[in-house]
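See below for the structure under consideration.
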Amino acid sequence: MARHKTTMVAAIFAACCACGCLPSRLDTSGNSSKGETDASSLDATDVYYPLDTIDAANSNGDSSRPEVSEQDTTDGSQDELDTIAEDDETSADLFDISSDDVGADVDTDDAGTLDDALDDTLVPTILIHLSEQPKKKSNERDALFAFSVDDATATCLCMLDLGAEAPCSESKFYLNISEGEHTFRITCANSAGDKGQLEFAWTIDTAPPTASLADKPQLVSTRRAPTFSFECGELNCTYECQVDHGPTEACLSPYTTLNLQPGKHTLYVTATDSFGNTQIVPTEYSWEVVTWQNVAGGGLHTCGLTSIGGLYCWGDNSFGQLGTAPVGPDVIVPRPSTPLPGTWKQIAAGFYHTCAIDSTDRLFCWGDNSYGQLGNGKAGADEFTPDPQEVSSGTSFKEIRLGTVASCARTSENKVMCWGDNEFNMFDQQIGDSPLVNPVEVPSLTDAVSFGIGSEHLCYLDSTKRIHCKGANGLGQLGRGDAEGTNEWITIAAQDWLFLRVVEESNCAIRETGTLWCWGSNQLGNLAFPPGDNLLSPKQIGTDVGWATLSGSLLANCAFKSVPGLPYCWGYNGGGLLGLGVSDMYIYVPTIVPDLDTVKTFGESQGGQSCAILSDDSLWCWGSNKNGQTGTGITDSVVTTPTRVEIL
């Protein structure tokens, strides 16, 4: 709405007095003052005053005013006016008229020359005072003007804009005026020829504004206290906000809600413009607050599941492992994945591929398929896809585990099926039967309580608390005390194992005593021993007891004494993998990760990033971030401290 600044138009008038001078303004004490009137001393109503000042400059440049006696001001003659004019016949002496309106605007116009004042046709001005008028910015289509005139014998004419003048006395009422800028004028005159005029300008706007949201959370968001910004298309709007069925309160843009509980919410925003028009129906926006329930890291990408089964991925998408097209561009914040309808309940990530189980227990995989790891009957360097491929249609699945380039899943009948790279016969198939492009059952895993798959080996924990491993053994990952290869299952010594973690070329486990043990590749110190010293059989890590669970990333391990609980991590810290605020160092002793109070879920990762879900269901990631795999929106190549991941 355009703003209109009212300009009061002063009526040009001349006043004759006996000695040829014009009356000066009287102050409140009765003293007369000369010179220009201070705008701050003017009344706040539309009043036209007699001429305030007269600046008469003589031919010598003298700008002094003629002295006026009391007699001069009450009983002057035309001859005396002529005498004043003769003081400087060569100059056009000017006088000013100043008036002010109800908004305290001051209008100053050159009224004319002194010669004009001597014209018998110009007579003293009649004073007009407005006692009632519309607001300068009004939302009323009707307008009432009430006024008084200091001359009871005067008659007045009123005019609206460029309409016809009409007789008026004391008041004038206009009905149903159009919106926009308007001017009201009163002109009064008496029988002696005295005149006065007053103008009042105002703007009418009755259209209510509409608040529009410029910034808002996504329809599904993890932010418990989202921030909104809004505007109304006009200047100086005020707003009221209401969240759900809570109290309505005055608010400013940007507006941040209080901490919201998970679930559906609605924000209502009502705008009022500077004319006083209030939005009839509030602008509303509904969204859902969700929490993180699961997270899994691939080699250069990460995926997470929300409390309502939403699947989001971020990071490298070179092979479509994010489940979104186009293939190629990195994604630095969580983005919805897969075009399939429905919800998801479990997620796992390989190095360049991803698999998930939906709410109907169907299993889908997408991304790299060089080794048949998608289980769709195909394999090859050009077989990657962002489109989810259903695995073993008609089979119900309840658990999924992924290795670097292979996949395994447990069915609802407790069978374990695997596919992908099988170069070292870890799936009970013939040697060299690789890749497996379709799922095959692994008979040995029918008694598996838990299992995990590395890049070239497979291990499982059975119901008798024993651990069995099979596959490559060049780095001691089978734990039998040497690095010799074998096609047989190797049973790890001891029969009191409670928890097993399998990662690319190494393993860690917890015994009933609460002690922590690891074996296999230690090339980068990930097993809490100096780099390069591979562990060919299980060795205890530290002396602490009471460990309950294990997790971690490719080159670091993390253990917990309770769930939720504090994470203790160790291993390679390149890229800030351990979340200690620094990078490029080795940690050989389980060390608490700062800034994480209680971790509920620590995501398995095939790469150099780490992620954890805390007890308040918030997600935090850190570590290598070259492809945006921390999901924090930060473009730095490394994130050395845990940073919150949000669906904005």
Side-chain angles (χ1 to χ4, degrees), residues 293-294 296 298 301 303-306 308-313 317 319-325 327 336-422 425-430 433-446 448 450-453 458 460 604 606:
Q293 296 298 301
N294 195 8
H301 74 290
C303 294
L305 294 182
T306 69
I308 61 172
L311 173 58
Y312 292 78
C313 293
N317 197 35
F319 297 94
Q321 60 265 48
L322 303 187
T324 57
V327 171
S337 298
T338 84
L340 294 177
T343 57
W344 304 87
K345 61 183 184 181
Q346 193 176 138
I347 184 77
F351 204 84
Y352 287 123
H353 74 294
T354 307
C355 295
I357 299 173
D358 72 4
S359 58
T360 64
D361 297 329
R362 294 185 301 167
L363 174 61
F364 293 86
C365 295
W366 56 91
D368 181 31
N369 198 34
S370 300
Y371 293 88
Q373 57 264 51
L374 301 188
N376 62 356
K378 301 177 182 179
D382 297 328
E383 291 295 332
F384 59 87
T385 176
D387 299 321
Q389 308 290 301
E390 186 172 2
V391 179
S392 190
S393 178
T395 303
S396 296
F397 292 89
K398 64 179 182 181
E399 186 179 4
I400 177 72
R401 294 285 186 269
L402 300 189
T404 305
V405 288
S407 309
C408 291
R410 191 195 303 270
T411 71
S412 58
E413 298 175 345
N414 211 37
K415 296 179 181 179
V416 176
M417 304 181 72
C418 297
W419 57 97
D421 181 33
N422 187 44
N425 192 29
M426 54 185 171
F427 301 145
D428 283 352
Q429 303 300 306
Q430 293 182 357
D433 190 1
S434 179
L436 297 174
V437 297
N438 291 300
V440 296
E441 183 181 348
V442 183
S444 303
L445 270 60
T446 55
S450 66
F451 65 96
I453 179 173
L458 175 68
Y460 71 95
E604 286 288 343
Q606 301 280 346

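The shown structure was predicted, so the numbers you read here are calculated from the model rather than taken from an experiment. The chain is numbered in sequence order, starting from 1.
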May I have the step-by-step check of side-chain contact (heavy atoms from CB on, under 4.5 Å) for Leu445 and Asp428, ending in yes or no?
CA-CA 10 Å; Leu445 270 60; Asp428 283 352; 5.8 Å; no
Closest approach of Thr324 and Pro336, non-hydrogen atoms and distance?
CG2-O, 3.1 Å
Asp358: which residues meet the side-chain hydrogen bond (donor to acceptor under 3.5 Å, both in side chains) condition with it, sequence neighbours left out?
Thr360, Arg362
Taking C-beta and beyond as the side chain, do Val391 and Asn376 meet within less than 4.5 Å on heavy atoms?
no
Looking at Asn369 and Lys378, would you say the former's side chain and the latter's main chain have a donor-acceptor pair under 3.5 Å?
yes
Sequence neighbours excluded, the answer for ring pair (Phe, Tyr, Trp, His ring centres under 6.0 Å) partners of Phe319 is Tyr352, Phe384
Close side-chain approach of Leu436 and Phe427, heavy atoms under 4.5 Å
yes
Enumerate the salt bridge (charged side-chain N to carboxylate O under 4.0 Å, His left out) contacts for residues 392-413, please, sequence neighbours excluded, ordered by first and then second residue.
Glu399-Arg401, Glu399-Arg410, Glu413-Lys415
Once you round to the nearest 0.5 Å, how far does CG of Leu322 lie from CG of Asn317?
3.5 Å
Taking ring pair (Phe, Tyr, Trp, His ring centres under 6.0 Å) as the cut-off, I'd like each qualifying pair that reaches into residues 359-381, sequence neighbours left out, listed once.
Trp344-Phe364
Can you pull out every salt bridge (charged side-chain N to carboxylate O under 4.0 Å, His left out) where at least one residue sits in residues 338-352? Sequence neighbours excluded, please.
Lys345-Asp361
Check Val442 against Cys418 and note the closest heavy-atom contact, atom names and distance.
CG2-SG, 3.7 Å
If we only count heavy atoms from C-beta on, is the Val405 to Phe351 side-chain gap below 4.5 Å?
no
Quick one: pull up CD1 in Ile453 and CG in Asp421 and give me the separation to the nearest 0.5 Å.
8.5 Å
Sidechain-backbone polar pair: Thr354 side chain, Gln321 backbone, donor-acceptor under 3.5 Å:
yes
Which pair of heavy atoms, one from Ala356 and one from Leu311, lies closest together, and at what distance?
CB-CD2, 4.4 Å
Given side chains that start at C-beta, do those of Leu363 and Ile400 come closer than 4.5 Å, heavy atoms only?
yes
By ring pair (Phe, Tyr, Trp, His ring centres under 6.0 Å), Tyr460 pairs with (sequence neighbours left out) His468, Trp489
Partners meeting side-chain hydrogen bond (donor to acceptor under 3.5 Å, both in side chains) with Asp368 (sequence neighbours left out)
Ser370, Gln373
Closest non-hydrogen contact found for Pro388 with Pro339 is CD-CD, 3.8 Å
Starting at CD of Glu390, measure out to CG of Leu374 and round the result to the nearest 0.5 Å.
13.0 Å
Sequence neighbours left out, what passes side-chain hydrogen bond (donor to acceptor under 3.5 Å, both in side chains) with Thr395? Give chain and number order.
Ser392
Across all chains, not counting sequence neighbours, the salt bridge (charged side-chain N to carboxylate O under 4.0 Å, His left out) partners of Glu383 are none
Between NE2 of His353 and OG1 of Thr404, what distance do you get to the nearest 0.5 Å?
9.0 Å
side-chain hydrogen bond (donor to acceptor under 3.5 Å, both in side chains) involving Ser393 - partner list, sequence neighbours excluded
none
What distance separates Ser407 OG from Leu402 CG, expressed to the nearest 0.5 Å?
4.5 Å
If the condition is side chain to side chain contact (heavy atoms under 4.5 Å, CB included), which residues does Ala349 pass it with, not counting sequence neighbours?
Ala296, His301
For Gly420 and Ser434 the tightest heavy-atom approach is O-OG, 4.3 Å
Enumerate the residue pairs fulfilling disulfide bond (SG atoms under 2.5 Å apart) with a member in residues 346-387, sequence neighbours excluded, ordered by first and then second residue.
Cys355-Cys365
State the SG-OH distance between Cys303 and Tyr312, to the nearest 0.5 angstrom.
12.5 Å
